**Q** 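Have a look at this one.
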Amino acid sequence: GENVEQHPSTLSVQEGDSAVIKCTYSDSASNYFPWYKQELGKGPQLIIDIRSNVGEKKDQRIAVTLNKTAKHFSLHITETQPEDSAVYFCAASRELTGGGNKLTFGTGTQLKVEL
Amino acid sequence: DTEVTQTPKHLVMGMTNKKSLKCEQHMGHRAMYWYKQKAKKPPELMFVYSYEKLSINESVPSRFSPECPNSSLLNLHLHALQPEDSALYLCASSQVTLFFGPGTRLTVL
């Protein structure tokens with residue numbers, strides 16, 4: 001089955017700095033890669049995603065890159081703010097034959113943005 | 001409307017109780033999911049429903065029983081749970097992108 005590794009497990013940055021989180025997946029059938037932000041006591045919230053036919057995608061301060069050959073994908077947050085503090089999960093997704101999608105999550109990164 | 005709603009927000013139950021978790025979405029998504037999340041861990045897939053039929057059961061114990069009454073609703077019936085079943089239970093729906101609800105925080109005494 002799919003295995004997704006995520007690093008680092010914790011990341012502390014100063015406000016205004018950039019943060020980078022990296023993930024590696026194993027299953028070549030995975031073709032969609034979402035990133036979720038989870039605040040304490042809440043459900044995961046989609047922040048950005050990328051499909052396997054795209055190398056890079058940007059949305060304001062957030063960008064994601066995908067290297068399909070190396071099976072690596074990364075999240076980049078620029079100009080970090082205290083409200084960016086949360087747990088971030090990467091995921092690799094493939095379609096299920098019966099319908100729906102199977103997400104395999106990385107182990108999560110606790111991001112702390114310090115003033 | 002990109003919202004998945006879940007009730008109740010919190011649930012405390014004894015090991016002999018029967019309770020149900022409820023989930024609703026009105027985005028027209030045809031796939032719905034139950035996930036279990038323990039503290040400081042990623043969500044773990046339990047069940048997938050596609051077009052109101054169960055398509056994936058990730059070897060979940062029978063004390064968890066899912067039900068999909070229609071395309072907008074998903075229930076999870078709980079019976080004879082164990083303390084180790086205490087967790088955050090997340091519902092999600094999708095066309096491709098999964099959208100998660102806020103979860104039900106379950107405590108089994």
Side-chain angles (χ1 to χ4, degrees), chain A residues 1-10 21 23 25 27 29-54 57 59 64 86-112, chain B residues 2-7 9-10 21 23-25 27-59 66 68 71 74 87-107:
Chain A
E2 175 67 282
N3 181 49
V4 178
E5 294 187 2
Q6 181 172 347
H7 299 281
S9 57
T10 60
I21 302 170
C23 289
Y25 65 100
D27 187 353
S30 293
N31 58 4
Y32 171 65
F33 305 92
W35 286 86
Y36 290 88
K37 174 184 180 183
Q38 188 172 24
E39 296 175 286
L40 197 61
K42 297 186 178 180
Q45 179 186 12
L46 179 76
I47 56 171
I48 196 166
D49 55 13
I50 191 166
R51 298 183 187 278
S52 59
N53 59 349
V54 175
K57 183 177 178 181
D59 182 6
V64 58
V87 178
Y88 291 79
F89 290 102
C90 64
S93 177
R94 63 174 177 83
E95 295 175 16
L96 296 167
T97 52
N101 290 269
K102 181 162 186 179
L103 281 186
T104 301
F105 285 90
T107 48
T109 296
Q110 175 73 61
L111 173 64
K112 184 177 181 181
Chain B
T2 57
E3 189 178 24
V4 176
T5 59
Q6 290 187 244
T7 56
K9 285 185 168 35
H10 301 276
L21 310 184
C23 174
E24 189 167 4
Q25 59 91 11
M27 294 178 276
H29 291 167
R30 306 310 290 189
M32 296 187 75
Y33 311 75
W34 281 113
Y35 281 80
K36 173 182 177 179
Q37 187 177 26
K38 302 284 270 185
K40 300 186 185 298
K41 298 289 187 183
E44 297 176 11
L45 181 64
M46 299 175 73
F47 302 105
V48 180
Y49 271 84
S50 177
Y51 292 92
E52 301 164 47
K53 292 184 180 177
L54 183 64
S55 65
I56 294 279
N57 176 340
E58 293 283 68
S59 303
C68 190
S71 60
L74 186 66
L88 181 67
Y89 287 85
L90 294 162
C91 174
S93 71
S94 76
Q95 288 290 81
V96 174
T97 302
L98 267 72
F99 291 94
F100 285 87
T104 293
R105 174 71 61 189
L106 174 67
T107 302

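Just so it is clear: chains get the letters A, B, ... in the order the sequence lines come, proteins before strands, and each one is counted from 1. Please read all numbers here as calculations on a predicted model, not as lab measurements. Worth knowing before you read on, the calculation uses all heavy atoms, side chains too, and leaves out hydrogens, waters and symmetry mates.
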**Q** In terms of heavy-atom pairs under 4.5 Å with chain A, which of B:L88, B:V96, B:V48 leads?
**A** B:V96
**Q** Most heavy-atom pairs under 4.5 angstrom with chain A, which of B:H29, B:E58, B:K53?
**A** B:E58
**Q** Atom CZ in A:F105, atom CG in B:L45: separation rounded to 0.5 Å?
**A** 9.0 Å
**Q** Which atoms of A:E95 are under 4.5 Å from chain B, going by heavy atoms: the side chain, the backbone, both sets, or neither?
**A** neither
**Q** So which part of A:D49 gets closer than 4.5 Å to some heavy atom of chain B, the side chain, the backbone, both or neither?
**A** side chain
**Q** Near B:K38 NZ, under 6.0 Å, is it more than 12 heavy atoms from other residues, nucleotides or ligands?
**A** yes
**Q** Determine whether A:P44 and B:L90 make a side-chain contact, defined as any pair of heavy atoms from C-beta on separated by less than 4.5 Å.
**A** yes
**Q** So for A:L103, is it side chain, backbone, both, or neither that comes closer than 4.5 Å to the heavy atoms of chain B?
**A** both
**Q** Between B:Y33 (side chain only) and A:K102 (backbone N and O only), is there a donor and an acceptor less than 3.5 Å apart?
**A** no
**Q** What residue in B:P102, B:G103, B:A31 has the most heavy-atom pairs under 4.5 Å with chain A?
**A** B:P102
**Q** Please flag which part of B:Y35 lies under 4.5 Å from any non-hydrogen atom of chain A: side chain, backbone, both or neither.
**A** side chain
**Q** For B:S93, which atoms come within 4.5 Å of any heavy atom of chain A: side chain, backbone, both, or neither?
**A** neither
**Q** Is chain A contacted by the side chain of B:L98, its backbone, both, or neither, given a heavy-atom distance below 4.5 Å?
**A** both
**Q** What part of A:R94 lies closer than 4.5 angstrom to a heavy atom of chain B: side chain, backbone, both or neither?
**A** neither
**Q** Could you measure the distance from the CG atom of A:L96 to the OG atom of B:S55? Nearest 0.5 Å is fine.
**A** 6.0 Å
**Q** So, for A:G99 and B:S50, which heavy atoms are closest and what is the spacing to 0.1 Å?
**A** CA-OG, 3.3 Å
**Q** Check each atom of B:Q37 against the heavy atoms of chain A and say whether the ones under 4.5 Å are side chain, backbone, both or neither.
**A** side chain
**Q** For A:P34, which atoms come within 4.5 Å of any heavy atom of chain B: side chain, backbone, both, or neither?
**A** neither
